[in-house]
Amino acid sequence: MNRDDSKNAAAAAPDYVLAIAPYQAGKPIDELAREFKLDPAGIVKLASNENPLGLPESARRAITDIVNGLGRYPDPNGFDLKAALSARYGVPADWITLGNGSNDLLELASLALLAPGAAAVYAQHAFAVYRLATQARGARHIVVPARDYGHDLDRMYDAIDADTRLVFIANPNNPTGTFLPAGQIEAFLARVHDGWGGRVTVLLDEAYNEYLDPELRFDSARWVEQYSNLIVSRTFSKAYGLAGLRVGFAMAQPRLTDVLNRVRQPFNVNSLAQVAAIAALGDAAFLQQSYELNKAGKQTLVDGFTRLGLEFVPSYGNFVLVRVGDAARVNLELLKKGVIVRPVAGDGLPEWLRVSIGLAEENARFLDALTATLGSP
Ligand code: PMP
């Protein structure tokens, strides 16, 4: 019997699905250990923009407390977490949508707003999921050339056409780490709102917001009040240290929140994630520690790159993009030395590597490995 049904499976999916190049995640530690026969304990992973401090103790306690209840489904509406977010950000609880990571919210927005015949606008080198989410809906991509590795909002506005339903903005952006100040975002939001009204939704993805220096932060929840066509997304995966639990949230006015909820799986955020997020949201000390560790680690990496004469993009996130030339070779050499970083050729940056900021000793291990690699072509 011929068990190879690959041709039939391919035939069943639309062309736009078959055209998708799947998301390349950071290599897991165990995978590298298997491939190169390394001790997992000695491997440094700086490849997925995770919080090097790991899970906050407050969240660990909250999870432990509810383990016995896991036989039941989670709260489908995340009542307690939405109440906590509402209190923190000053928006009504029914303007909040919870997601299985903020990735889920990007998917929900594209599921609700895009379709074949529609288009999404995003920047060259913007977060890879914008491309995937657009492609999975059979919608058209309008990719706007980057300016200094970041978003060029004037060109993005000009690129909006009659089919455009969604504009993705990552601020800060991943993998480039670039940042747009409040004034530029606000001017863009006003232009899109006035020019296109509710026809074009802007999704402002603020996954790295908590790493911004205080003077750069702005109250994007107030923009949600002002602009009915705005969705702001945030995550607990980065500065809050909950990447493995998968929880994020979006803020938007009721019309948009309603459509996101129509396409949302009822139990998309599990019980552990919900209680851990509430705990982490209340853990100001952990957040501050994460911010400070990141700031110091960023300086260490930047100093190291400067010493090595490497070009880098000044970063506002918890990672730095650095130009190493033959990135595939450098990456392989780093892997052999037990250091995992992220190649970004798939983002149109074949000479660059993205390095997440780790603990002081992890950053040092990476810089030593990089120095050794560059010194031995
Ligand atoms: N947006 C950006 C810009 C990101 O870099 C990431 C994580 N790589 C996400 C969203 C999604 O993260 P999560 O699903 O863990 O919230």
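FYI, the numbering just counts along the sequence from 1. Side chains included, hydrogens not; waters and symmetry mates left out as well; all remaining heavy atoms used. Counting starts at 1 for both ligands and their atoms, in listed order.
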K.L.:
Which donor-acceptor pairs under 3.5 Å do the side chains of residues 300-308 make with protein atoms, sequence neighbours left out?
P.N.:
| residue | atom | partner | partner atom | Å |
| --- | --- | --- | --- | --- |
| Thr300 | OG1 | Ala296 | O | 3.1 |
| Asp303 | OD1 | Gln299 | NE2 | 2.9 |
| Thr306 | OG1 | Val302 | O | 2.7 |

K.L.:
Residue by residue, ordered by chain and number, which ones reach under 4.0 Å of ligand 1 with a heavy atom?
P.N.:
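Ligand 1 pocket, heavy atoms under 4.0 Å: Gly101, Ser102, Asn103, Phe127, Asn174, Asp205, Ala207, Tyr208, Thr235, Ser237, Lys238, Arg246.
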K.L.:
Can you list everything that forms a side-chain hydrogen bond (donor to acceptor under 3.5 Å, both in side chains) with Glu206? Sequence neighbours excluded, please.
P.N.:
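If we apply the side-chain hydrogen bond (donor to acceptor under 3.5 Å, both in side chains) test to Glu206, skipping adjacent residues, the hits are Ser220, Arg234.
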K.L.:
Please determine whether a side-chain nitrogen of the Lys or Arg among Arg137 and Glu107 lies less than 4.0 Å from a carboxylate oxygen of the Asp or Glu.
P.N.:
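Glu107 and Arg137: salt-bridged.
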K.L.:
Applying salt bridge (charged side-chain N to carboxylate O under 4.0 Å, His left out), name anything that partners Arg222, two or more places apart in sequence or on another chain.
P.N.:
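For Arg222, the residues satisfying salt bridge (charged side-chain N to carboxylate O under 4.0 Å, His left out) (neighbours in sequence not counted) are Asp219, Glu225.
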K.L.:
Please tell me whether Arg342 and Asn49 have a donor and an acceptor in their side chains that are separated by less than 3.5 angstrom.
P.N.:
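Looking only at side-chain atoms, Asn49 and Arg342 do not form any donor-acceptor pair under 3.5 Å.
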K.L.:
Scan Tyr208, Tyr316, Tyr211 and name whichever one has a ring pair (Phe, Tyr, Trp, His ring centres under 6.0 Å) with Phe179.
P.N.:
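Per the ring pair (Phe, Tyr, Trp, His ring centres under 6.0 Å) rule, the option paired with Phe179 is Tyr316, out of Tyr208, Tyr316, Tyr211.
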